[in-house]
Protein chains: 2
Amino acid sequence: MSPTATVLKDTTQHSNCLAMSDVLNRIGDKWSVMVVGMLSRNGTLRFNELKRNINGVSQRMLTLTLRNLERDGLVTRTVYPEIPPRVEYGLTELGQTLTKPINALWDWSAEHHDEIVEARKAYDVDHSPAPSEPARIAYAR
Amino acid sequence: MSPTATVLKDTTQHSNCLAMSDVLNRIGDKWSVMVVGMLSRNGTLRFNELKRNINGVSQRMLTLTLRNLERDGLVTRTVYPEIPPRVEYGLTELGQTLTKPINALWDWSAEHHDEIVEARKAYDVDHSPAPSEPARIAYAR
DNA sequence: CCGCATCCGGTGGGATACTG
DNA sequence: CAGTATCCCACCGGATGCGG
């Protein structure tokens with residue numbers, strides 16, 4: 001066993017690994033990214049404005065997402081004690097810095113998504129089960 | 001660019017929304033990012049090399065992660081029919097383009113992770129113990 | 001060495017209903 | 001309008017064991 005081959009170049013990763021995991025856990029769930037995207041393009045928004053414009057989010061998930069983003073210092077939450085109540089959300093400065101890398105991802109997605117779709121189709125064709133046999137059914141009810 | 005007042009500026013998002021969700025679902029799980037990171041820094045790697053160097057991944061998750069990445073055209077899988085068998089994984093060209101936005105995220109994480117940790121501490125301090133604690137309120141705007 | 005199958009507990013997240 | 005609470009279940013993901 002050659003001593004040079006024992007360790008791979010993961011030293012740079014190890015120092016940032018925890019941080020990266022942490023950040024990924026936050027922006028990993030798609031709703032967070034959608035919220036940040038909406039707020040970065042529209043400035044401050046009310047709860048239902050976010051809910052209406054983020055396709056498919058439940059009010060429960062939106063609430064949780066906003067709480068997490070607020071807790072991480074990425075989003076501000078401002079309550080106006082009126083009737084009916086009004087709550088506005090906006091990006092903090094930290095949140096605004098995050099939009100740059102997120103937009104990079106967004107651009108990449110827009111540019112390469114069709115390649116991914118095509119790759120999947122090609123993969124599924126090759127790895128599809130026997131012609132007369134449909135895919136396995138996990139939970140037949 | 002003349003946005004009407006009735007609709008928020010989500011037009012650009014809507015077209016990319018599906019693509020973004022799709023991509024996020026892939027790179028959202030932390031193992032994918034780790035794998036791409038390892039492969040981008042080390043070139044092609046064998047299964048157990050990946051397993052050993054990605055902290056905490058189970059072989060099941062690594063297998064699934066690699067399958068998904070392969071299916072999406074981000075990772076190549078090369079089988080050498082030897083005994084014992086040898087399988088090497090590497091990034092496709094598409095996968096290599098993805099490293100740029102991922103690295104941007106990685107850099108952001110490294111730079112701002114401590115701010116997030118601090119924000120969480122601050123949030124937890126004045127949100128958990130006192131039930132009669134008012135959030136930040138904009139009085140009489 | 002590589003990787004699939006099976007079992008199984010924990011949880012993410014939708015649907016729904018209720019408060020201030 | 002902006003949440004909170006409850007139910008419930010699909011799926012994630014770890015542990016273990018077998019097979020080429």
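To find a chain, count down the sequence lines: A is the first, B the second, and so on, and within it residues start at 1.
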Trainee: When the distance from CZ of B:Arg52 to C1' of C:dC2 is rounded to whole Å, what number comes out?
Mentor: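 Atom-to-atom, B:Arg52 to C:dC2, this comes out as 13 Å.
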
Trainee: Tell me, do A:Tyr80 and A:Arg46 make a side-chain contact under 4.5 Å, heavy atoms counted?
Mentor: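 They are not in contact (no side-chain heavy atoms under 4.5 Å apart), so the answer is no.
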
Trainee: Write down the distance between CD1 (B:Ile83) and C1' (C:dG3), rounded to a whole number of angstrom.
Mentor: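 It works out to 16 Å between those atoms.
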
Trainee: Could you give the NZ-to-P distance, from A:Lys30 to C:dG13, as a whole number of Å?
Mentor: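 Going from NZ in A:Lys30 over to P in C:dG13 covers 9 Å.
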
Trainee: Tell me: CG of A:Asn48 to C1' of D:dG3, nearest whole Å?
Mentor: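 Nearest whole value for this atom pair: 10 Å.
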
Trainee: In whole angstroms, how far is the C1' atom of D:dG3 from the OH atom of A:Tyr89?
Mentor: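 Value for this atom pair: 8 Å.
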
Trainee: Give me the ring orientation class for A:Trp108 and A:His112: parallel if the planes are under 30° apart, tilted from 30 to 60°, perpendicular past 60°.
Mentor: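 Rings of A:Trp108 and A:His112: tilted, 30 to 60°.
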
Trainee: Determine whether B:Leu98 and B:Ile27 satisfy the following criterion, side chain to side chain contact (heavy atoms under 4.5 Å, CB included), listing intermediate values before the conclusion.
Mentor: CA-CA 10 Å; B:Leu98 181 56; B:Ile27 71 143; 4.0 Å; yes

Trainee: Looking across every strand, which nucleic acid part, if any, lies under 4.0 Å from B:Tyr80 by heavy atom: base, sugar-phosphate, or nothing?
Mentor: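 No contact at all - B:Tyr80 keeps every heavy atom at 4.0 Å or more from the nucleic acid.
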
Trainee: Provide the full list of salt bridge (Lys or Arg N to Asp or Glu O under 4.0 Å) pairs with a residue in residues 95-104 of chain B, sequence neighbours left out, each pair given once.
Mentor: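 Every candidate salt bridge (Lys or Arg N to Asp or Glu O under 4.0 Å) pair involving residues 95-104 of chain B fails, so no pair, neighbours aside, qualifies.
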
Trainee: D:dG3 P sits how many Å from A:Phe47 CZ, rounded?
Mentor: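 Taking atom P of D:dG3 as the reference, CZ of A:Phe47 is at 5 Å.
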
Trainee: Tell me the interatomic distance from A:Leu64, atom CG, to C:dT11, atom P, rounded to whole angstroms.
Mentor: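 These atoms are roughly 15 Å apart.
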
Trainee: Grab the CG-P distance between B:Asn55 and D:dG14 for me, whole Å please.
Mentor: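 After rounding, the gap between these two atoms is 12 Å.
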
Trainee: When you measure from the side chain of B:Arg60, which nucleotide among C:dG14, D:dG14, D:dC1 comes out closest?
Mentor: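 So the nucleotide nearest the side chain must be D:dG14.
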
Trainee: Between A:Asp29 and A:Gln59, just flag the one whose closest nucleotide in DNA chain C comes earlier from the 5' side.
Mentor: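 Whichever sits nearer the 5' end wins; that is A:Asp29.
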
